[in-house]
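Side chains included, hydrogens not; waters and symmetry mates left out as well; all remaining heavy atoms used.
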Amino acid sequence: MSNRTNALDISESVKSKVWERDKHRCVVCGSYQAMPNAHILSRAHGGLGIETNIVTLCTELSPLHCHRRFDFGTKKEHDEILEIITGYMKSKYPGWSIENQRYKK
């Protein structure tokens with residue numbers, strides 16, 4: 001695996017920390033049918049697999065499908081969810097910025 005691939009993967013340690021930080025719930029809708037495996041800045045855009053770039057979003061089992069709408073929904077859906085996530089992350093990490101979540105060589 002390349003250094004970039006390793007940097008973008010989400011380790012079990014990061015998943016565990018995010019799961020606890022997010023109190024085992026989707027940070028958008030509050031569903032307990034959620035997983036701590038959503039990159040805020042996507043892997044395709046160099047989003048790191050670090051605690052400050054990963055959030056818990058609800059799965060396909062939840063009626064709201066936040067993770068699916070965030071990744072594959074309309075631009076409007078993505079932007080609305082991103083706004084919620086950004087506010088949440090700034091409340092947890094003062095000074096948080098999406099640009100700081102990008103892989104740099």
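Residues Leu82 and Ile40 have side chains in contact (heavy-atom distance under 4.5 Å, counting atoms from C-beta outward). Side-chain contact between His65 and Glu60 is present, with heavy atoms from C-beta onward closer than 4.5 Å. Two residues are said to be in side-chain contact when any heavy atoms from C-beta on lie closer than 4.5 Å; Trp19 and Met35 fail this criterion.
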task = Give the C-alpha distance, both sets of side-chain angles, the deciding distance and a yes or no for side chain to side chain contact (heavy atoms under 4.5 Å, CB included) between Phe72 and His78.
result = CA-CA 8 Å; Phe72 304 111; His78 173 83; over 6 Å; no
ask   = Should Ile84 and Val27 be marked as a side chain to side chain contact (heavy atoms under 4.5 Å, CB included) after you check the CA-CA gap, both sets of side-chain angles, and the distance that decides it?
value = CA-CA 8 Å; Ile84 293 167; Val27 301; 5.7 Å; no
task = Start with the C-alpha distance between Ile54 and His39, add both sets of side-chain angles, then the distance that settles side chain to side chain contact (heavy atoms under 4.5 Å, CB included), and finish with yes or no.
result = CA-CA 5 Å; Ile54 306 300; His39 284 75; 3.8 Å; yes
message = Show, in sequence, the C-alpha distance, side-chain angles and deciding distance for Leu48 and Leu41, and conclude whether the side chain to side chain contact (heavy atoms under 4.5 Å, CB included) test is met.
response = CA-CA 8 Å; Leu48 295 165; Leu41 180 65; over 6 Å; no
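Formation of a donor-acceptor pair under 3.5 Å by the Arg25 side chain with backbone atoms of Ala34 is not found in this model. Side-chain atoms of Glu77 come within 3.5 Å of backbone atoms of Thr74 as a donor-acceptor pair (strictly under, hydrogens ignored).
With values rounded to the nearest 0.5 angstrom, Leu64 atom CG is found 6.0 Å from Arg69 atom CZ. Glu12 contributes atom CD, which lies 12.5 Å from atom NZ of Lys17 (distance to the nearest 0.5 angstrom). The line from OG of Ser91 to CH2 of Trp96 is 11.0 Å long, rounded to the nearest 0.5 Å.
Applying the side chain to side chain contact (heavy atoms under 4.5 Å, CB included) test between His67 and each of Val28, Thr59, Leu57 identifies Leu57 as the sole match.
Atom CD of Glu83 has 12 or fewer neighbouring heavy atoms from other residues, nucleotides or ligands inside a 6.0 Å radius. The neighbour count for Lys75 NZ, taken as heavy atoms of other residues, nucleotides or ligands under 6.0 Å away, does not exceed 12.
The pair Glu20-Lys23 does not meet the salt-bridge criterion, since no charged nitrogen lies less than 4.0 angstrom from a carboxylate oxygen.
Side chains of Ser42 and His45: a donor on one and an acceptor on the other come within 3.5 Å. With no hydrogens or angles considered, a side-chain donor-acceptor pair links Arg21 and Tyr93 at under 3.5 Å.
Cluster membership check: Tyr103 shares its hydrophobic cluster with Ile50, using side-chain heavy-atom separations under 4.5 Å among Ile, Leu, Val, Met, Phe, Trp and Tyr. Taken together through direct or relayed side-chain contacts under 4.5 Å among Ile, Leu, Val, Met, Phe, Trp and Tyr, Ile98 and Ile81 form part of one hydrophobic cluster.
Between Cys58 and Cys66, the shortest heavy-atom contact is SG-N, 3.0 Å.
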